Amino acid sequence: MKFRVMMVMLLTLMMLCACDTNTDGNTERNDNQSNPLTVSEVVFDSVTYALSAKVNAADGTEIELTCNGKTQTVNAVKGSIAVVFDTPFYSRVKGGKNYDVTFRAKQGYSGSVVKSIGYWPQAKVMVMSKEVVTVYCGAAKDVIMPSFGINYEDNTYTYEMTFTVYDAEQTELPVSTSAWKMTDLLEYLSKPENDGHSVKIQYKAIPSCPNGAELYDKGYVTYICKNDVLVKSIYILPEYGAYKALLSSEDYMSNETEVGDSAGGDISYKWYISEDKVKNNGDVPDTSSMKWNVIPDADKHIYNIVKSDIGKLLKVEITQTYQGEVQDSIVSSEMYVTNSIIDTNLYYDGIVTVGEEFDASKVKGTATDVLGIAHDVSDFILVINDRTADYSRYFEAALSNNEIDLTLGYFWATVQSRMNKQDEVYLTKNVWTVTKSKVRFDTYNSAVEYSADAGLTYSGITLDEFDAQVGDDIYIRVAAIGSPKQNGYLAASDPVIFKVTEDVIGTKVELTGGGITVEIKELELTLSKIEQGNNIIIKASLQNFNYDAYQTDLENGYIWLINGVSAEEVTYASLVSDSVYLDKTKMAVGETYNISLMLSVYTMFEDLQIVYARESSQIDVTVE
C-alpha cells in the first residue's frame with residue numbers, strides 16, 4: 001500500500017515538473033514575471049518627432065508606445081527601437097512641455113516602463129523688417145530698426161547679433177563691430193562719408209529649452225547707407241482720400257526719381273486748402289487771387305481729407321534741411337479734391353435667367369466713399385457693364401453722380417438655367433406596354449431632372465420608373481450646377497410641367513430630347529503616323545463627335561504621353577495643334593517609343609467642365 005502511495009506522489013511530481021519545462025528543457029513562468037521589459041537611453045528629436053531607445057526585447061518583439069493619448073507600435077531590432085510619430089503627439093498643446101511615454105511589450109515581456117521626454121518645437125524667428133533697407137544720412141534717426149518675434153509660447157529666448165560692414169563693391173571692411181549695438185549702427189549710417197556702404201545684421205534667436213535642447217533660427221537684414229538727396233519737385237498723389245506728397249530729385253514730369261517719404265534729411269510739410277470751392281470742368285483754374293488756408297496739424301507727408309475739403313484745391317509746401325543747410329521752400333501744384341467710392345456692397349434683388357438682360361433698378365445695396373459715408377445705390381446713376389447674365393458671379397457696374405467720381409462696383413447675382421431647345425422633353429406612347437399606372441424614363445440626361453411630387457423633390461433621369469395616376473403632373477427642369485454663392489453656380493431652371501393623361505397610362509413613356517451623354521460613347525479617337533524629313537508626326541483625329549453638345553480644345557485638350565511621360569517634358573517632342581512632332585535626330589536609334597494621348601471633352605452646359613476623358617490606343621515609333 002505504501003509503495004502505491006509513493007508511486008502516485010512520484011508521478012504527480014513528474015507531471016508538475018513537466019508543466020514548468022518547455023520543449024528545450026528550460027523553465028519559464030507563464031506570467032512572465034521573471035522577464036520584465038527594460039528601456040534605456042531614450043532620445044527624442046522634437047523637430048522630426050523621431051524617438052529611439054534601447055530595449056531588452058528580442059528581435060521582432062512588438063513594443064507599444066503611448067504618449068499624450070496617442071499610441072503607436074514598433075518592432076524591436078538588435079536591442080533597439082526607432083520610431084517617428086505618425087501624427088504630432090502634442091496635438092492641441094502649445095509651446096514646449098515634458099511628456100511621459102509608456103513603453104509596453106505586447107508579448108514575451110511583462111510590465112511597462114514610463115520615460116519622460118521633452119517636446120520643444122523648432123524656433124521660427126519673425127523679423128518686422130525688409131531684408132534690404134536704404135537709410136538716408138539725414139533721415140537715419142527716423143529709420144525703424146528691425147523688431148524680432150518668435151513662435152515660441154510659454155518660453156523665453158535670447159538673441160545673438162553680429163554686424164558686418166561692406167563697401168559699395170560688397171567687399172568686407174575691417175570695421176571693429178564686436179561691441180556694436182543698434183545705436184552704433186545708426187551712427188555709422190548717419191555719416192555722409194559712408195555713402196554706399198552697407199551693414200549686414202546677422203541674428204540668431206535661441207529659445208531657453210530645457211533637457212539640453214539646442215534649437216535656434218537665424219537670418220539677416222542689410223542696411224544700405226545713402227547720402228541725403230536734394231528734393232527738386234513735389235507731386236501730390238491721391239489715394240482714396242489720402243493725398244500723398246511724392247518727393248523727387250528731378251522734375252517729376254520728366255524723370256520720376258522718387259526719393260521716398262522721409263528721405264533727404266529733415267523735411268517739414270505744410271498743407272493748404274483753398275477757401276472756396278471751384279468747378280472741376282477739366283480746365284486749370286486761375287489761382288492767382290485765390291485765398292488759401294493752412295490746414296491745422298497737417299504736417300506729415302500724407303494728408304487725409306475731410307468732407308469740407310471736397311470741391312476745393314489742395315497743395316503742399318516742403319522745407320528741406322539738406323546737409324545742414326535750410327533750402328528754399330518748394331510748393332506743389334494744386335490738386336482738385338474729389339470724393340470717390342472705395343467699397344461697394346451690392347446685390348441683385350431677384351433671380352435672373354441665363355441670357356436675360358439685367359434690370360438696373362434691381363441692383364440694391366450701398367457704396368461707401370473715402371470719408372466712410374455709406375450711400376444707397378439709388379443715389380447713383382448705375383450702368384451695368386455686363387448686359388446679360390451667364391453664370392452666378394459678381395457682375396460689373398459703373399456708378400456715378402454729380403458729387404462723387406465715377407467708380408466701378410460689383411454685385412452678386414443668382415443666375416438660373418434655361419430650358420433650351422435641346423433640353424425640351426416630351427412624352428410618347430409609341431413604344432412597349434408596361435405596367436399600368438407606371439411612368440418610366442428611358443433616356444439618361446445628366447443636365448435634366450424630374451419630380452413626381454409637384455416639385456418637392458427631384459431625381460436625375462435614369463431608367464427608374466414610378467407610380468403615376470391620370471392627372472398627375474411631372475416636373476422637368478435643368479438641374480443646378482455648382483454650389484450656391486460660388487462663382488460659376490447655376491440655379492435650376494424653372495420647371496416644365498407634363499400632365500399624365502389616359503392615353504399615356506398603360507404604355508411605356510419615353511423621355512426624348514437632350515440625351516446627349518449616350519452619343520459621346522460613340523466617339524472614336526485614332527492616331528496616324530507620318531514621316532517628314534527628320535520629323536515623325538503623330539496626328540489625332542476624331543469621328544462620330546457630337547459638336548453640338550460637347551467640345552474639345554484642339555490645342556490644349558490633348559495630353560500627349562510618350563512612354564507614360566507628358567510630351568511637354570520631353571526635349572525631342574513639340575506640340576503643334578492636334579499633333580506631336582518627334583525629332584529623330586534627338587531620339588535613340590533602335591529604341592521603341594510608345595505614344596498615346598488623353599483627350600478631354602467638355603460639356604456645353606456645365607461651364608466647360610471635363611465630363612469625359614478618353615485615352616487612344618498606343619502607337620509605336622522606332623527610330624532606325
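Remember, it's a predicted structure, so these values are computed and weren't measured experimentally.
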**Request:** Please say which of Leu346, Asn345, Ile373 ends up in a side chain to side chain contact (heavy atoms under 4.5 Å, CB included) with Thr366.
**Result:** Asn345
**Complete:** Residues Val352 and Ala389: closest non-hydrogen pair is CG1-CB, 3.6 Å
**Fill in**
Hits for salt bridge (charged side-chain N to carboxylate O under 4.0 Å, His left out) against Asp390, two or more places apart or cross-chain, chain-then-number order -> Arg393
**Asked** Looking only at atom types and distance, does a side-chain atom of Trp560 sit under 3.5 Å from a main-chain N or O of Ser574, one as donor and one as acceptor?
**Response** no
**Message:** Less than 4.5 Å apart, side chain to side chain, heavy atoms only: is that true for Leu490 and Ser417?
**Reply:** yes
**Message:** Run the side chain to side chain contact (heavy atoms under 4.5 Å, CB included) test on Val221 and Tyr203 for me, step by step, so that the C-alpha distance in whole Å, both residues' side-chain angles and the decisive distance to 0.1 Å come before the verdict.
**Reply:** CA-CA 8 Å; Val221 178; Tyr203 56 85; 4.2 Å; yes
**Any donor-acceptor pair under 3.5 Å from Asp195 side chain to Asn227 backbone** = yes
**Asked** Does His375 reach the side chain of Asn401, with side-chain heavy atoms less than 4.5 Å apart?
**Response** no
**Prompt:** For Ser392 and Thr414, does a side-chain donor sit closer than 3.5 Å to a side-chain acceptor?
**Reply:** no
**Asked** For Tyr303, which of Val316, Asp309, Val337 qualifies under side chain to side chain contact (heavy atoms under 4.5 Å, CB included)?
**Response** Asp309
**Asked** Hey, are Glu396 and Tyr410 close enough side-chain-wise for a donor-acceptor pair under 3.5 Å?
**Response** yes
**Prompt:** Can you find a heavy atom in the side chain of Thr344 that is under 4.5 Å from one in the side chain of Phe411?
**Reply:** no
**Message:** Name the residue from Tyr391, Tyr394, Tyr348, Tyr489 that meets the ring-ring contact (aromatic ring centres under 6.0 Å, His included) definition with Trp412.
**Reply:** Tyr394
**Item:** Of all pairs that satisfy salt bridge (Lys or Arg N to Asp or Glu O under 4.0 Å), the ones with a partner from residues 362-384, not counting sequence neighbours
**Value:** none
**Request:** For Thr407 and Phe380, run side chain to side chain contact (heavy atoms under 4.5 Å, CB included): C-alpha distance rounded to whole Å, both residues' side-chain angles, the deciding distance at 0.1 Å, then the answer.
**Result:** CA-CA 10 Å; Thr407 188; Phe380 296 84; 5.7 Å; no
**Item:** Under 3.5 Å donor-acceptor, Thr222 side chain and Lys200 backbone
**Value:** no
**Asked** What is the minimum heavy-atom distance between Met161 and Ile201, and which atoms define it?
**Response** CE-CG2, 3.2 Å
**Item:** Any donor-acceptor N or O pair under 3.5 Å, side chains Gln416, Thr353
**Value:** yes
**Message:** Applying the side chain to side chain contact (heavy atoms under 4.5 Å, CB included) criterion to Val370, which one of Asn304, Ile310, Asn339 satisfies it?
**Reply:** Asn339
**Asked** Do the ring centers of Trp180 and Tyr188 come within less than 6.0 Å of each other?
**Response** yes
**Message:** Under a 3.5 Å distance rule, please check whether Ser190 uses its side chain to pair with a backbone N or O of Leu186 as donor and acceptor.
**Reply:** yes
**Item:** Basic-acidic side-chain contact under 4.0 Å: Arg387, Glu357
**Value:** yes
**Prompt:** Which one of Thr134, Val165, Leu189, Val135 satisfies the side chain to side chain contact (heavy atoms under 4.5 Å, CB included) criterion with Cys225?
**Reply:** Leu189
**Message:** Under a 3.5 Å distance rule, please check whether Gln327 uses its side chain to pair with a backbone N or O of Glu325 as donor and acceptor.
**Reply:** yes
**Request:** Starting from the C-alpha separation in whole Å, work towards a yes-or-no answer on side chain to side chain contact (heavy atoms under 4.5 Å, CB included) for Trp292 and Leu313.
**Result:** CA-CA 9 Å; Trp292 294 89; Leu313 293 178; 3.6 Å; yes
**Asked** Would you say the side-chain atoms of Ser493 pair up with the backbone N or O of Val478, donor to acceptor, closer than 3.5 Å?
**Response** yes
